[in-house]
Amino acid sequence: MSHTTSRDMFRSGIGAFAATLGSAIGLGNIWKFPFLTGMNGGSAFVFAYLLSVLLVGLPILVTEHVIGRRMRMNAVPAYAAAGRARIWSTIGYAGLIAAVLIMAFYTDIAGWVFAYVFKSLNAAASGRVLGPEDFQALAGGTLEPLAWQTMVLVLVVIIVGAGVSRGIERATKTLMPLLLVLLLVCDIRALTLPNSYAGVQFLFAPNPGRLSPAVLLSALGLAFFKLSLGMGTMTTYGSYLPDSTKILPNATRVALADTLVSLLAGLAIFPAVFSFGVEPNAGPGLLFITIPLIFSRLPLGWLFTAMFFILAAIATIGAMVSLIEVPTAFLAEKGGMSRFKAAVLSAAAMLVLGVFATLSMSPRYPGLKLFGLSMFDLFDFISSNILLPLGGIAIAVVGGWILSRDQYLGELGKNYLRQPGTHAALHAMVRWVAPVLITLILLNGLGVIRL
Ligand code: PFF
């Protein structure tokens, strides 16, 4: 029945939790959440993001797991089967496009992270601190960022082509807690700096005046990106969930843990930003400028900086593996080619678009713009703010309307004492709240309607 030949099932509850969380946690937490928060007015964005996770992200995550486990297939055939019409496999196909677009800019940033591991060690050897000029030299360059990006893609192809080894899984599982500990060290350092409270206020003091259609759409897009939703990744992972996994508690824990890591990253960055008088709206470079700055104030700061970027690099690998797996599995299964060949082809498509994304960040190539956005921002906008929410609407329609309520609730409550009230409320959210909210936020954010 399974359409997957190369990947087996998660064997334990902990394994299912770790794998799902491994796809969720990545640059989204330590890079994207802080920089979008900084650019979108702080607490207003955080508030909109938390609501998006609760009202849309969690119900869609649960639905992807329900459909994946019920169908036990990858996303393309799973949605055709669950929707009882071939047209619904479009969700899976759109997911392939989203995966390529996301990887085009994700590998650019991952390349910066890998570069920073070496840059921080080099800077330490010559006794200096990495500053904004180092980041500008890297991101504004041509060959250097492209070389790192290519290296990152080659690394991911090797891992995915060989099959996701247990080694990587085990390494990710042990190193993730280490990332958490380092993040807490950053938090303590940042929160004990003078004037750090201004950063806490920026993150949490209510500021409803800053809410706008664009802020709401960004927050919703981030919720999809963060939890790897709307493109079939979590459906595929759902197909590997054992029947004993309690889907709702598992998904709730993933959403909570993931959100906690984002908030901890925000608490490491913004108190320091305000304490050092740096602009909070620095955009994508925020992480690369602020973290070295914070650690430079600590004894052995160079060591912490290098460790932070090493762990961040490892976190990017887990997310990238799940991203390239989407087209790789599809090409291997549908096109009948080897996994390695499928991974190389996927990476080639990602690199072609990736070159445009990377060079568009450099002031040397001002022409790489479309609709006033750099290619980098455009790929990010189209995937997170359009394709993933559209995928989310379609998934909610299949899960909430086409799959019968009994089928949905039967899968959700499989093998454990039902919680009829909670499960029924969740089903109502999938049926009504999530699709209506996504539609309104999407149309409003794109300027099609004015609320
Ligand atoms: N969730 C990952 C992050 O926040 O870094 C990014 C991601 C991974 C998005 C896998 C989509 C996906 F399918």
Side-chain angles (χ1 to χ4, degrees), residues 27-40 104-153 186 190 199 265-266 268-297 301-302 304-310 312-313 316 351 353-370 372-381:
L27 288 169
N29 306 75
I30 49 184
W31 167 78
K32 202 171 192 203
F33 172 82
F35 104 69
L36 282 180
T37 302
M39 288 184 31
N40 288 300
F105 68 88
Y106 209 94
T107 48
D108 184 21
I109 315 144
W112 299 344
V113 171
F114 278 82
Y116 258 62
V117 171
F118 293 89
K119 285 189 186 297
S120 53
L121 291 173
N122 273 340
S126 51
R128 58 181 207 97
V129 175
L130 290 170
E133 64 291 349
D134 292 285
F135 175 69
Q136 270 133 26
L138 172 65
T142 303
L143 274 185
E144 195 186 359
L146 286 181
W148 284 109
Q149 181 173 34
T150 311
M151 195 274 299
V152 164
L153 266 168
C186 285
I269 290 179
F270 289 105
V273 161
F274 281 85
S275 182
F276 294 129
V278 187
E279 279 301 315
N281 57 356
L286 185 63
L287 167 72
F288 298 88
I289 295 165
T290 318
I291 288 291
L293 208 64
I294 304 173
F295 280 136
S296 68
R297 307 283 166 119
W302 64 271
F304 282 114
T305 310
M307 272 177 72
F308 185 90
F309 284 106
I310 290 173
T316 69
L351 188 58
L353 287 187
V355 169
F356 287 100
T358 300
L359 295 185
S360 75
M361 292 303 271
S362 166
R364 290 189 221 173
Y365 306 97
L368 290 178
K369 278 195 160 72
L370 219 61
L373 289 176
S374 68
M375 295 287 182
F376 182 105
D377 292 331
L378 189 71
F379 294 165
D380 185 5
F381 186 87

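Counting begins at 1 with the first residue of the sequence.
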With rounding to the nearest 0.5 Å, note down the distance linking CG in L353 to CG in D108. 12.5 Å
Heavy-atom pair of closest approach, residues S296 and V129: CB-CG1, 3.5 Å
Please check if the side chain of N40 supplies one atom and the backbone of L36 the other of a donor-acceptor pair under 3.5 Å. yes
Nearest heavy atoms of S360 and A357, plus distance in Å: OG-O, 2.8 Å
Evaluate side chain to side chain contact (heavy atoms under 4.5 Å, CB included) for L359 paired with L146, printing each intermediate quantity in order. CA-CA 8 Å; L359 295 185; L146 286 181; 4.0 Å; yes
Short side-chain to backbone donor-acceptor contact, T358 and V355, under 3.5 Å: no
Backbone N/O of G301 and side chain of T305: donor-acceptor pair under 3.5 Å: yes
I289 side, atom CD1; F276 side, atom CZ - distance, nearest 0.5 Å: 13.5 Å
Search all heavy atoms of L286 against all heavy atoms of E279 and return the closest pair with its distance. CD1-O, 4.3 Å
Spacing of T107 atom OG1 and L351 atom CG [to the nearest 0.5 Å]: 7.5 Å
OG-CH2 distance between S120 and W302, expressed to the nearest 0.5 angstrom: 9.0 Å
For a side chain to side chain contact (heavy atoms under 4.5 Å, CB included) check, start with the C-alpha distance between I291 and F309, then their side-chain angles and the critical distance, and finish with the verdict. CA-CA 9 Å; I291 288 291; F309 284 106; 4.1 Å; yes
Between K369 and D377 (salt bridge meaning N to carboxylate O under 4.0 Å), is one present in this structure? no
Give a yes or no on whether the backbone of A104 and the side-chain of Q149 come within a donor-acceptor separation of less than 3.5 Å. yes
What heavy-atom pair brings A190 and P271 nearest, and what distance separates the two atoms? O-CB, 3.6 Å
Do you know the tightest heavy-atom contact between C186 and A268? CB-CB, 3.5 Å
Measuring from atom CE of M361 to atom CZ of F105, what distance do you get when rounded to the nearest 0.5 angstrom? 10.5 Å
Using atom types as modelled and distance alone, determine if a side-chain donor or acceptor of D134 lies under 3.5 Å from a backbone N or O of G131. yes
Indicate the atoms forming the closest heavy-atom contact of F376 with P284, along with that distance. CE2-CG, 4.4 Å
Show, in sequence, the C-alpha distance, side-chain angles and deciding distance for L27 and V113, and conclude whether the side chain to side chain contact (heavy atoms under 4.5 Å, CB included) test is met. CA-CA 10 Å; L27 288 169; V113 171; 4.0 Å; yes
Output yes when a side-chain donor or acceptor of T290 lies under 3.5 Å from a complementary backbone atom of L287, and no otherwise. no
Decide side chain to side chain contact (heavy atoms under 4.5 Å, CB included) for F118 and W148; before the verdict, give the C-alpha distance in whole Å, the side-chain angles of both, and the deciding distance to 0.1 Å. CA-CA 11 Å; F118 293 89; W148 284 109; 3.4 Å; yes
If the test is ring-ring contact (aromatic ring centres under 6.0 Å, His included), which one of F308, Y116, W31 qualifies with F288? Y116
D380 side chain reached by K32 side chain, heavy atoms, under 4.5 Å: yes
I need the I109 CD1 to T316 OG1 distance, nearest 0.5 Å. 9.5 Å
